[in-house]
Undergrad: 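Take this structure, written in structure tokens, and hold onto it; I'll ask about it next.
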Amino acid sequence: VIMMKTQVLLNQFNNEQFANLKNNKILSNNVTKNPPVESTTPITISSISLDFIEWFIGFVDGEGNFSIKRDHNTFAFVFQIKLHIDDVNILHSIKANLKMGNVRSYPLYGVLEISKKKDVQALIDIFSNHPLNTTKRLNFYSWAKGFNLLQNYRIIKDPDILEAIVNIKAEMNNSRTDFNLSDFSINITPQWFMGFFEGEGSVFVSRRDLTLSISVGQALIDEYAMLKVAEFLNQLPGANLFKSDEVVKIYRSKGTPGHSRGKIELVISQADFLKSVMIPFFDSQQWYGKKYLDYTDFKTILSLKEKG
């Protein structure tokens, strides 16, 4: 009986409020007719630069994590980004731009954590109006579902709502089995790509033959989104002068049972394309992390190699 009532709760959410998320409507202020009111004013999307929001969405697609933590009948909805300590300045930039969260530094890594109710509501607004492009969007939907169910519980005190949240938590992140994004639109913008690249991309030089390359990779479950990234790169200014199948190479590797879900990687090594398309693009964008230093070295080597 409990399981049936729990499923009814989830179905009601899916059919009504969850549909708003998929249609990019703000959800956090429409949970109940009389939601709890916090004493502090929530952050609004309009107060954050649109360029930064798009960069942030791309970076979260690469590095962000949505989780639900439980302590008996208490739930915490936590958003985290964990980076190597060398990139801790990115976390401080995100905190400063969003005006929320806390950054903690450890010997090897830094963590940005956002968990206050008003900040979680603000994040739901951001990710609802500016959707993620990878399967991380599905984890966000689950996270938002659970958060809004908890707000309902605080009003009507139905214990079945807590059971519904437990079930949502059990199907997130590493426990997720549904990764279908084919029904969702994918929107790759220059700022999104830069955020994604600063999270998942690299520039490198082959020691064997000094070939210069840029690459960006993701789990194979995100192949659909990565193919859209390849389309974006092939549509950059000047890219039409090159044959797309000869420039953006796509490599796939299968996962191993119990260890990996496989990987898809986009690699560009064509020197003329790097020089006339990628360098002008990267030079026109805002960087936030130390990967910019790697890029400037990369650009210098490319110039020196061209001069012989």
Side-chain angles (χ1 to χ4, degrees), residues 48-65 80-99 101 103-112 130 132-134 136 188-207 210-218 225-226 229-230 232-239 247-248 265-307:
I48 308 171
S49 159
L50 178 58
D51 283 352
F52 177 80
I53 288 178
E54 292 186 354
W55 178 94
F56 174 63
I57 298 301
F59 196 74
V60 170
D61 264 319
E63 301 289 351
N65 177 265
Q80 277 189 343
I81 300 177
K82 179 180 178 180
L83 300 177
H84 189 278
I85 193 64
D86 289 348
D87 270 323
V88 72
N89 284 341
I90 290 184
L91 302 180
H92 288 290
S93 292
I94 293 172
K95 176 185 176 182
N97 278 276
L98 296 181
K99 299 179 177 62
V103 175
R104 300 191 305 275
S105 296
Y106 301 93
L108 297 180
Y109 63 90
V111 178
L112 168 68
H130 303 273
L132 295 154
N133 283 323
T134 68
K136 204 157 286 182
I188 310 298
T189 67
Q191 292 79 19
W192 179 93
F193 177 78
M194 286 303 299
F196 189 65
F197 186 82
E198 289 208 67
E200 300 295 327
S202 65
V203 295
F204 58 94
V205 181
S206 169
R207 293 182 179 181
L210 298 183
T211 297
L212 289 94
S213 305
I214 67 169
S215 70
V216 60
Q218 189 72 343
M226 291 298 289
V229 174
F232 167 81
L233 294 172
N234 282 317
Q235 292 172 1
L236 288 174
V247 175
V248 183
E265 188 173 20
L266 310 180
V267 180
I268 300 175
S269 303
Q270 220 275 10
D272 289 337
F273 190 90
L274 292 173
K275 176 187 174 184
S276 60
V277 178
M278 296 310 304
I279 296 299
F281 169 75
F282 281 136
D283 283 349
S284 70
Q285 298 300 311
Q286 173 72 50
W287 296 74
Y288 287 87
K290 74 178 186 65
K291 199 160 287 182
Y292 176 72
L293 301 177
D294 297 333
Y295 165 67
T296 55
D297 290 341
F298 176 88
K299 187 166 61 170
T300 299
I301 295 171
L302 182 63
S303 177
L304 292 173
K305 187 177 179 181
E306 182 182 24
K307 294 176 180 178

Undergrad: So, for S202 and F204, which heavy atoms are closest and what is the spacing to 0.1 Å?
TA: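 Looking at all heavy atoms of both residues, the closest pair is OG-CD2, 3.8 Å.
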Undergrad: When the side chains of residues 81-90 are checked against the rest of the protein, which donor-acceptor pairs come out under 3.5 Å, sequence neighbours left out?
TA:
{"residue": "H84", "atom": "ND1", "partner": "D86", "partner atom": "N", "Å": "3.0"}
{"residue": "D87", "atom": "OD1", "partner": "K290", "partner atom": "N", "Å": "3.4"}

Undergrad: For residues I57 and L132, report the shortest heavy-atom separation together with the two atoms involved.
TA: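 In this case the closest contact between I57 and L132 is O-CD2, 3.6 Å.
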Undergrad: Could you give all pairs that pass the salt bridge (charged side-chain N to carboxylate O under 4.0 Å, His left out) test and reach residues 274-288, with sequence neighbours left out?
TA: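 Those involving residues 274-288 are K275-E306, D283-K299.
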Undergrad: Given side chain to side chain contact (heavy atoms under 4.5 Å, CB included), test L50 with H130 step by step and report yes or no.
TA: CA-CA 10 Å; L50 178 58; H130 303 273; 3.4 Å; yes
Undergrad: To the nearest 0.5 angstrom, please state how far the CG atom of L210 sits from the CG atom of L302.
TA: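 Here the interatomic distance stands at 12.0 Å.
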Undergrad: So, using side-chain contact (heavy atoms from CB on, under 4.5 Å) as the criterion, who are the partners of L108 when residues are at least two apart?
TA: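 So L108 forms no side-chain contact (heavy atoms from CB on, under 4.5 Å) with any residue.
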Undergrad: For residues F59 and Y288, determine if any side-chain heavy atom of one lies less than 4.5 Å from a side-chain heavy atom of the other.
TA: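 Side chain of F59 against side chain of Y288, heavy atoms only: no contact under 4.5 Å found.
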Undergrad: Quick check for you: to the nearest 0.5 Å, what is the distance between F56 atom CZ and L98 atom CG?
TA: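 Going from the CZ atom of F56 to the CG atom of L98 covers 5.0 Å.
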Undergrad: Under the ring-ring contact (aromatic ring centres under 6.0 Å, His included) rule, collect the residues that match up with F298, sequence neighbours excluded.
TA: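 ring-ring contact (aromatic ring centres under 6.0 Å, His included) list for F298, sorted by chain: empty.
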Undergrad: To the nearest 0.5 Å, what is the distance between OH on Y109 and CZ on R104?
TA: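 Reported to 0.5 Å precision, the distance equals 8.0 Å.
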Undergrad: Does Y292 have any ring-ring contact (aromatic ring centres under 6.0 Å, His included) partners at least two apart in sequence or in another chain, and if so, which?
TA: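 With sequence neighbours excluded, Y292 shows a ring-ring contact (aromatic ring centres under 6.0 Å, His included) to W287, given in chain and number order.
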Undergrad: A239 and N234: which non-hydrogen atoms are nearest, and at how many Å?
TA: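 Looking at all heavy atoms of both residues, the closest pair is CB-O, 3.3 Å.
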Undergrad: Does a side-chain heavy-atom distance below 4.5 Å link M226 with V216?
TA: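 M226 reaches V216 side chain to side chain.
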Undergrad: Indicate the atoms forming the closest heavy-atom contact of S276 with P280, along with that distance.
TA: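 Answer, listing the atom of S276 first, then P280: O-CG, 3.5 Å.
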Undergrad: For E54 and Q191, which heavy atoms make the closest approach, and how far apart are they?
TA: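 What the structure gives for the nearest pair is OE1-OE1, 2.9 Å.
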Undergrad: Can you name the closest pair of heavy atoms from V203 and F197 and give their distance?
TA: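 In this case the closest contact between V203 and F197 is CG1-CZ, 4.0 Å.
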Undergrad: Can you sort out the partners of F196 under ring-ring contact (aromatic ring centres under 6.0 Å, His included), two or more places apart, ordered by chain and number?
TA: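 ring-ring contact (aromatic ring centres under 6.0 Å, His included) list for F196, sorted by chain: W192.
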Undergrad: With rounding to the nearest 0.5 angstrom, report the CD1 to CE distance, I214 to M278.
TA: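 Here the interatomic distance stands at 3.5 Å.
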Undergrad: Whether the Q285 and W55 side chains hold a donor-acceptor pair (N or O, under 3.5 Å, no angle test) is what I'd like checked.
TA: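 On atom types as modelled, these side chains do not qualify, holding no pair under 3.5 Å.
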Undergrad: Hey, what do you get for CD1 (I53) to OG1 (T189), rounding to the nearest 0.5 Å?
TA: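 It is 11.5 Å, given to the nearest 0.5 Å.
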